[in-house]
Protein chains: 2
Amino acid sequence: MPAVSDCIEMLDSETKAVETPEDHAEELRLWLRLLTCTTLIEGEVRGRLRQRFDVTLPRFDLMAQLDKAPDGMTLSDVSKRMMVSNGNVTGLVERLVESGHLDRRTSETDRRVQVIRLTKLGRAEFRRMAAEHETWIADLFADLTPKDVRELMRLLAKTKTSAQKSAGRRRP
Amino acid sequence: MPAVSDCIEMLDSETKAVETPEDHAEELRLWLRLLTCTTLIEGEVRGRLRQRFDVTLPRFDLMAQLDKAPDGMTLSDVSKRMMVSNGNVTGLVERLVESGHLDRRTSETDRRVQVIRLTKLGRAEFRRMAAEHETWIADLFADLTPKDVRELMRLLAKTKTSAQKSAGRRRP
DNA sequence: CCAAATTGTTTTAAGCCTAAAATGTTTCCC
DNA sequence: GGGAAACATTTTAGGCTTAAAACAATTTGG
């Protein structure tokens with residue numbers, strides 16, 4: 001049975017009749033916990049990539065995107081997929097072309113567009129790193145049962161949809 | 001009933017007898033989804049903070065830590081809580097002292113230690129921002145039921161513990 | 001056709017972030 | 001007491017990141 005305060009809150013949010021400042025402490029705590037988990041795991045992966053392969057996480061992420069696209073991607077595609085700014089990708093690509101991991105060429109049909117691909121070296125190095133990376137992730141999530149994983153996937157999918165809708169309401 | 005492949009995997013991971021390369025695609029997908037959710041929400045919050053209050057997310061986060069500690073915190077404390085490097089905090093604090101939001105003084109009992117606090121201005125501005133921030137978070141998570149929120153909290157707590165253990169195994 | 005809007009990328013300016021080395025201070029313990 | 005270890009912070013060097021402005025090329029609608 002829900003607490004009295006929960007009932008009041010539910011009435012408020014459904015009827016939209018009252019303007020009492022609602023309590024969203026639970027959502028706030030959820031957000032902080034989500035952020036903590038991500039920061040923790042991300043930091044761990046970053047450190048391991050640096051120690052084992054002397055590569056940064058953003059470079060690894062970019063190569064991961066390209067590994068899934070044998071025909072290459074445009075910078076815009078990469079920017080959208082990685083959810084980072086355009087200018088960010090420009091610099092990242094510059095350094096990876098410099099180190100011989102990426103190949104970049106201007107599209108034949110649209111001279112605005114730059115198409116980038118992994119070089120043979122880039123692909124080989126990425127595959128080597130990705131194999132080990134996968135075991136790190138498995139270890140980081142080792143305490144979760146297969147059921148936990150499924151349930152988290154489901155709830156995070158719902159979270160993603162919710163956040164996208166909210167973001168859409170701001171920028172329609 | 002679990003699929004055959006699941007049984008084999010379970011046997012492998014329990015007996016540790018076989019060295020076949022296990023499949024951790026599910027964990028990998030979970031990690032990517034977790035990262036997507038965080039990036040999405042973080043970007044949205046960052047943008048709103050900038051538009052509404054002309055403040056960066058790291059500054060807001062630092063002020064949030066200090067708001068919970070009326071007696072102030074040391075830079076190390078802040079660094080641990082925010083899970084960022086020491087040097088990072090130094091610069092962040094510098095700019096917030098400069099803008100009049102923070103007060104910084106050397107500890108009387110230990111001259112290595114710097115104690116920082118919110119100024120009156122800093123606290124007032126933070127409270128104003130935090131109130132609105134809470135509604136953004138509520139909106140971003142609006143599709144989740146109270147039960148979803150509880151369940152996510154539980155699973156993320158488990159995830160955090162798991163990741164901490166894994167990180168501990170690397171750096172004991 | 002052609003001006004205006006749109007699209008893809010780069011540049012700019014500022015700030016964030018890390019790892020590692022350096023600096024100053026305190027504690028430990030012989 | 002005094003040197004070694006530990007601790008708190010800053011500095012350094014390099015890279016990441018963003019938002020906004022600038023530039024270039026294409027598409028669109030009169």
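Naming convention: chains lettered A, B, ... in sequence-line order (proteins, then strands); numbering from 1 in each chain.
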**Student:** Measure the distance from CD on Glu108(B) to P on dT26(C) and round it to the nearest whole Å.
**Tutor:**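 In whole Å, dT26(C) P lies 13 Å from Glu108(B) CD.
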
**Student:** When we call it a touch if two heavy atoms are under 4.0 Å apart, what does Ser85(B) touch: a base, just sugar-phosphate, or nothing?
**Tutor:**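 The answer is base, as Ser85(B) lies within the cut-off (heavy atoms under 4.0 Å) of a base atom.
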
**Student:** Take atom CD of Glu42(A) and atom P of dA19(C), then tell me their distance rounded to the nearest Å.
**Tutor:**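 The distance from CD of Glu42(A) to P of dA19(C) comes to 12 Å, rounded to the nearest Å.
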
**Student:** Could you walk me through whether Thr159(A) and Ser162(A) pass side-chain contact (heavy atoms from CB on, under 4.5 Å), step by step?
**Tutor:** CA-CA 5 Å; Thr159(A) 302; Ser162(A) 179; 5.6 Å; no

**Student:** Using a strict 4.0 Å threshold on nitrogen-to-oxygen distance, state whether Glu42(B) and Arg46(B) make a salt bridge.
**Tutor:**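 Result for this pair is yes, salt bridge flagged.
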
**Student:** Quick one: closest heavy-atom pair of Val45(B) and Trp136(B), and the distance?
**Tutor:**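 That would be O-CZ3, 4.3 Å.
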
**Student:** What is the distance from CE of Met73(B) to P of dT9(D), rounded to the nearest Å?
**Tutor:**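 Taking atom P of dT9(D) as the reference, CE of Met73(B) is at 11 Å.
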
**Student:** Quick one: do Arg123(A) and Asp67(A) make a salt bridge, cutoff under 4.0 Å?
**Tutor:**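 Salt bridge: yes.
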
**Student:** Would you mind reading off the distance between Asp54(B) atom CG and dA20(D) atom P, rounded to a whole angstrom?
**Tutor:**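 Going from Asp54(B) (CG) to dA20(D) (P), I get 10 Å.
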
**Student:** Just one of Arg111(A), Gln114(A), Arg112(A) clears the side chain to side chain donor-acceptor pair (under 3.5 Å) bar with Thr106(A), so which one?
**Tutor:**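 Output: one option passes, namely Gln114(A).
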
**Student:** Quick one: on DNA chain D, does Arg95(A) or Thr109(A) contact a more 5' nucleotide (nearest heavy atom)?
**Tutor:**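 Result: Arg95(A).
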
**Student:** Think Thr56(A) has a side-chain N or O under 4.0 angstrom from the OP1 or OP2 of dC16(D)?
**Tutor:**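 It does, given that an N or O in the side chain of Thr56(A) lies less than 4.0 Å from OP1 or OP2 of dC16(D).
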
**Student:** When you measure from the side-chain N and O atoms of Arg46(A) to the phosphate of dC16(D), is any distance below 4.0 Å, counting only OP1 and OP2?
**Tutor:**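 Checking dC16(D) against Arg46(A), no side-chain N or O comes under 4.0 Å of OP1 or OP2.
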
**Student:** Whether Asp71(A) and Arg117(A) form a salt bridge (side-chain N of Lys/Arg under 4.0 Å from carboxylate O of Asp/Glu) is what I want to check.
**Tutor:**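 Looking at Asp71(A) together with Arg117(A), the answer is no, because their closest N to O distance does not fall below 4.0 Å.
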
**Student:** Going by atom types alone, do Asn86(A) and Ser79(A) pair a side-chain donor with an acceptor below 3.5 Å?
**Tutor:**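 On atom types as modelled, these side chains qualify, holding a pair under 3.5 Å.
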
**Student:** Nearest whole Å is fine: how far is dG14(D) C1' from Glu98(A) CD?
**Tutor:**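 It is 15 Å, rounded to the nearest whole Å.
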
**Student:** Under 4.0 Å from any atom of DNA chain D, heavy atoms only: list the residues of residues 57-66 of chain A that qualify, in numerical order.
**Tutor:**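 Heavy-atom contacts with DNA chain D come from Pro58(A), Arg59(A).
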
**Student:** For Glu44(A), is there an ion pair with Arg48(A) - N to carboxylate O distance below 4.0 angstrom?
**Tutor:**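 Salt bridge present between Arg48(A) and Glu44(A).
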
**Student:** Side-chain N or O of Arg50(A) less than 4.0 angstrom from OP1 or OP2 on dA20(C)?
**Tutor:**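 Yes, because at least one side-chain N or O of Arg50(A) sits under 4.0 Å from OP1 or OP2 of dA20(C).
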
**Student:** So, OP1 or OP2 of dA24(D): does either fall under 4.0 Å of a side-chain N or O from Arg111(A)?
**Tutor:**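 So the side chain of Arg111(A) is outside the cut-off, no N or O lying under 4.0 Å from OP1 or OP2 of dA24(D).
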
**Student:** Counting only heavy atoms not in Glu108(A), do more than 12 sit closer than 6.0 Å to its CD atom?
**Tutor:**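 No.
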
**Student:** Rounded off to whole Å, could you give me the CG-to-P distance for the Leu49(B) and dC16(C) pair?
**Tutor:**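 Roughly 13 Å, once rounded to whole Å.
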
**Student:** Go along nucleotides 4-14 of chain C 5' to 3' and tag each nucleotide: B for a protein heavy atom under 4.0 Å from its base, S when only backbone or sugar atoms are that close, - otherwise.
**Tutor:** ---BSBBB---

